[in-house]
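Encoded as structure tokens, the structure appears first; notes follow it.
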Number of protein chains: 2
Amino acid sequence: MLPGRALRWRPTEGRQMVTANGMAEVAAAVGEPARAAMLTALMDGRALTASELARVAAITPQTASSHLARLIAVGLIAVERQGRHRYHRLANPAVAQMIEGIMQIAGGIQVRPRARTGPRDLAMRAARTCYDHLAGQLGVDIADALQARGAMVIDGDGALLTASGRAWMCDMGILKPDAGKHSARPFCRPCLDWSERRPHIAGVLGAAICTHALEQSWVRRREANRALEITPKGRIALKATFGISCAG
Amino acid sequence: MLPGRALRWRPTEGRQMVTANGMAEVAAAVGEPARAAMLTALMDGRALTASELARVAAITPQTASSHLARLIAVGLIAVERQGRHRYHRLANPAVAQMIEGIMQIAGGIQVRPRARTGPRDLAMRAARTCYDHLAGQLGVDIADALQARGAMVIDGDGALLTASGRAWMCDMGILKPDAGKHSARPFCRPCLDWSERRPHIAGVLGAAICTHALEQSWVRRREANRALEITPKGRIALKATFGISCAG
DNA sequence: CCGATGCTTCGACCGGGACCGAAGCAATGC
DNA sequence: GCATTGCTTCGGTCCCGGTCGAAGCATCGG
């Protein structure tokens, strides 16, 4: 009876243990108050810096760093570095869905949709150009609208215009039928928005939308900075085209 | 700078921390290899004893006992005692859904549907009576069929016949229109099946189905024990009514 | 009544991991 | 160049919880 457990409590099968261990690894990553707080903070789709995440979890940056490393290792969050900041976001929509599932069991209060714009830099936050495409709340809202009607899919750091989305954009004259077919430039790419912390559309498609908006006088360049002003005509057109309501 | 963290790293809000802690508690319950193995083993909907769960997790019964206590405490599994056995099952469908979500992230292999009946006690396992209702594979299959077509919902230790389900059962002459309206007896109750380890239907509804099956000669009582024999006529009727194929 | 079985509780051990302070590294600003 | 900011790495402490052996209750079978 010396080998005790080794003899008596041998697992029945090895296969299931593997998948169970993988599951345990993922669940354990979520199953710690600080990390859970971080993930919850990211549930609205924004990308936050390590310091901000440390703050919401009420821990020091050192500790947050190790937690984030673990979350990245198991593939729950993805990181994007920009200068001396590191922006963390949920790795993909499946992660958000999983967390929502856990919250439901936890007696969970649902996630608030996303806080609307803050009070500072109103003009820049509302709409601006980012290189050759639209950014700010307008840019993010357009990306949301395209996703909502199934015209585009954003997944992690890639994006795709669906067939119906392409047809729709062509119908509206925003996109030429053969646009981007033979270009080396990414056609449709998500770009992290600085003020909104959520992706807007870059690439050939993003540029086409921006060009169209300027040509049709939906937006007008402003002052010396990159801020854009939405015209009355633009307000009507954006509502009709994308279902976006732009606050005065 | 003495109070260090207390000053600098105060959490921004208390509300979110609460829901995050609840989530962490649930996720931590899953996030341990032994418990994850147990939950995985329960994913096919069967109910297993504490010893069986200890075996699949490759731990001693003492350890399993503490794990099970924790899983019960957070509401992931429910327990039903019968004699000196304690049958554990996932507390409700939402738990299974949550686990499936976690598995998906874990690079998860999906769960096998459910192993079909074992080789022993074939007659008893295939179909028998349990008091006044049907049990064995036939009983479980009928319960499955009712759920599949939205006639009944089983959730944890309660069950409900839907309005359409009641109408359907009445149309087929299984149920009288006013059946159970004024009875103190539970109308539709899940009953844990010994051989299948999954619920079949008890209560007024279960008795009605059993009575109907006997009256219509779908099944016939056998020998001295409670085993039932499915008649050729019954085979046809069960296929037509519930879509159940009974192996010879 | 006694023994066997299924499960839980108690006590003790020990390792992993959560935590922070200090220091190191990279990017920015002056 | 130097100071500041954002973040990571290193080292060390401490505690939670997973583990099993032994013992304690229930239930079932004689």
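These numbers were taken from a predicted model, which means no experiment stands behind them.
For B/T49 and B/E52, the side-chain atoms include at least one donor-acceptor pair closer than 3.5 Å.
Partners of A/L160 by side chain to side chain contact (heavy atoms under 4.5 Å, CB included), not counting sequence neighbours: none found. For the side-chain hydrogen bond (donor to acceptor under 3.5 Å, both in side chains) test, residues two or more places apart in sequence or in another chain that qualify with A/T63 are A/T60. Looking at residues two or more places apart in sequence or on another chain, you find no side-chain hydrogen bond (donor to acceptor under 3.5 Å, both in side chains) involving B/E25. Remark: A/A94 pairs with A/N92, B/I105 by the side chain to side chain contact (heavy atoms under 4.5 Å, CB included) rule, at least two apart or across chains. Taking A/V153 as the reference, A/T162 meet the side chain to side chain contact (heavy atoms under 4.5 Å, CB included) condition, with sequence neighbours excluded. Considering only residues two or more places apart in sequence or on other chains, B/A135 meets the side chain to side chain contact (heavy atoms under 4.5 Å, CB included) condition with B/R128, B/C130, B/D193, B/H200. The salt bridge (Lys or Arg N to Asp or Glu O under 4.0 Å) check on B/R84 picks up nothing, with sequence neighbours excluded.
To the nearest angstrom, C1' of D/dG6 lies 7 Å from NE2 of A/H85. The distance between atom CD of B/E32 and atom P of D/dG18, rounded to the nearest whole Å, is 5 Å. Distance A/E52 CD to D/dG6 P: 10 Å, rounded to the nearest Å. The nearest whole Å value for the distance from the CE atom in A/M38 to the P atom in C/dA18 is 11 Å. Here the C1' atom of nucleotide D/dC16 and the CD atom of B/E25 are 14 Å apart, to the nearest Å.
The stretch residues 64-79 of chain A touches DNA chain C through A/H67, A/R70, each having a heavy atom under 4.0 angstrom from the strand.
Other residues, nucleotides and ligands contribute at most 12 non-hydrogen atoms within 6.0 Å of the CD atom of A/Q97.
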Got a list of protein N/O to nucleotides 13-16 of chain C N/O distances below 3.5 Å?
none

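Annotation for B/A64 and B/A54: closest pair CB-CB, 3.6 Å, computed over non-hydrogen atoms.
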When the side chains of residues 30-38 of chain B are checked against the rest of the protein, which donor-acceptor pairs come out under 3.5 Å, sequence neighbours left out?
{"unit_1": "B/E32", "atom_1": "OE1", "unit_2": "B/A34", "atom_2": "N", "d": "2.9"}
{"unit_1": "B/E32", "atom_1": "OE1", "unit_2": "B/R35", "atom_2": "N", "d": "3.1"}
{"unit_1": "B/R35", "atom_1": "NE", "unit_2": "B/A29", "atom_2": "O", "d": "2.6"}
{"unit_1": "B/R35", "atom_1": "NH1", "unit_2": "B/H67", "atom_2": "ND1", "d": "3.0"}
{"unit_1": "B/R35", "atom_1": "NH2", "unit_2": "B/A28", "atom_2": "O", "d": "3.1"}

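Proximity of B/T63 to the phosphate of D/dG18: no side-chain N or O atom is located under 4.0 Å from OP1 or OP2.
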Inset, instruction - Could you encode protein contacts along nucleotides 22-30 of chain D as a string, one character per nucleotide from 5' to 3', using B for base contact, S for sugar-phosphate-only contact and - for no contact, with a heavy-atom cut-off of under 4.0 Å? - result: B----BB--

